[in-house]
2 protein chains.
Amino acid sequence: MILNVDLAADVPIYQQIRDQVVEAIAHGALTEGSSLPPIRTLAADFGINFHTVNKAYDLLRQEGLIRLSRKTGAVVTAAAADQLIPSDWTARARTLLAEAVARGIPADEVLQACRTLLDSFGTTRQEDTQ
Amino acid sequence: MILNVDLAADVPIYQQIRDQVVEAIAHGALTEGSSLPPIRTLAADFGINFHTVNKAYDLLRQEGLIRLSRKTGAVVTAAAADQLIPSDWTARARTLLAEAVARGIPADEVLQACRTLLDSFGTTRQEDTQ
DNA sequence: GCTTTTGTTCTATTAGTTATAGAACAAAAG
DNA sequence: CTTTTGTTCTATAACTAATAGAACAAAAGC
């Protein structure tokens, strides 16, 4: 699990941590039962305050992606199978896809870019650790 | 052009305005040369401050989607053909798609949702105003 | 010419967010 | 009993979002 934070980016640090954990779960780099580092450890590694890491973990807990407890720390939960796509996700996707189309990028290119990204998530799972 | 703002939403008002204009351009409801309402008019319609609308329009101008001038107001610019997908767009798409996959939604369902959204952008253009 | 309309720019204030800091608590492992 | 861990509290500084008011400048319309 390699995380990076960019203190100068316009994305908040706690959001960057949250996003990278989400991507690691999608890639299969983090699976059910995987442990995340203790908040104080991760904060020390990044040279940031532990409250910032705590905020990122708390957000992931609210989203149901990890569970938190004393001593066992932060553990990735099982993804419930056959989930429905939440309407707020669709709304955010609509805005993001519209942005590309409004800029003049052909719809089929946008869809291909999505396909490529989704394909990249399937390539780092247990069976084919490359 | 019908715009709506939700004062209680966690998305900033100026961002909501910007997003809806982007989606209107993607749908073809706004095309090259279309005029947006004057900032004071739009602000009065929503019951918000004109500086907030000004911020949204300024953002759209920075993105190259509209051009602003006194008296002609805000006008939608032509989308440059054959644009490349910007890397920051890909990064945001990666995070959004990863979020769906991490929640247990199958990749093919996510891709189908993207396809459906992209298809919906093509249905309101000049040739087939339904 | 004068008024109106329009975007633009300036200062200012209030409320909320982000990140930091320090202290303390509580549960559980060793 | 100590250490490790998440959790909770107060506090502060810097930044963002939204509002408010004033004023400016260019161009249209009369």
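In what follows, chains are A, B, ... by sequence order, proteins preceding strands, each numbered from 1.
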Open item on the list: Does A:Tyr14 reach a base, just sugar-phosphate, or nothing at all? Heavy atoms under 4.0 Å.
Closed with: sugar-phosphate
- [ ] State which of D:dT4, C:dT20, D:dT7 makes the closest approach to the side chain of A:Asn54.
- [x] D:dT7
Open item on the list: The side chain of A:Asn49 is closest to which nucleotide in this list: C:dA29, D:dT19, C:dT20?
Closed with: C:dT20
Task: Closest to the B:Leu68 side chain, choosing from C:dT20, D:dT7, C:dG7 - done: C:dG7
Task: Closest to the B:Ile48 side chain, choosing from D:dT19, D:dA17, C:dT20 - done: D:dT19
Task: side-chain N/O B:Lys55 vs D:dA17 OP1/OP2, d < 4.0 Å - done: yes
TODO: Hunt down the Watson-Crick or G-U wobble partner of C:dC25, both distances under 3.5 Å, from any strand shown, or write none.
DONE: D:dG6
TODO: Rounded to the nearest angstrom, tell me the gap between atom CG in A:Asp10 and atom P in D:dA17.
DONE: 11 Å
Open item on the list: Which nucleotide wins on minimum distance to the side chain of A:His51, given the candidates D:dA23, C:dT18, D:dC9?
Closed with: D:dC9
Task: No-hydrogen, no-angle side-chain donor-acceptor test under 3.5 Å, B:Gln15 and B:Asp19 - done: yes
Open item on the list: I need the CZ-C1' distance between B:Arg70 and D:dA25, as an integer number of Å.
Closed with: 5 Å
Task: Side-chain N or O of A:Thr52 closer than 4.0 Å to phosphate OP1/OP2 of C:dT20 - done: yes
Task: Lys/Arg-Asp/Glu bridge criterion (N-O < 4.0 Å) met for A:Asp58, A:Arg61 - done: yes
TODO: Say whether A:Val53 and A:Tyr14 are linked into one hydrophobic cluster, either directly or through other cluster members, by side-chain heavy-atom distances under 4.5 angstrom.
DONE: no
Open item on the list: Base, sugar-phosphate or nothing for A:Ser69? Non-hydrogen atoms, less than 4.0 Å.
Closed with: sugar-phosphate
Task: Same apolar cluster (I L V M F W Y, side chains within < 4.5 Å links), B:Val22/B:Leu59 - done: no
TODO: Return the value, rounded to whole Å, for the distance between atom CZ of B:Arg40 and atom C1' of D:dC24.
DONE: 11 Å
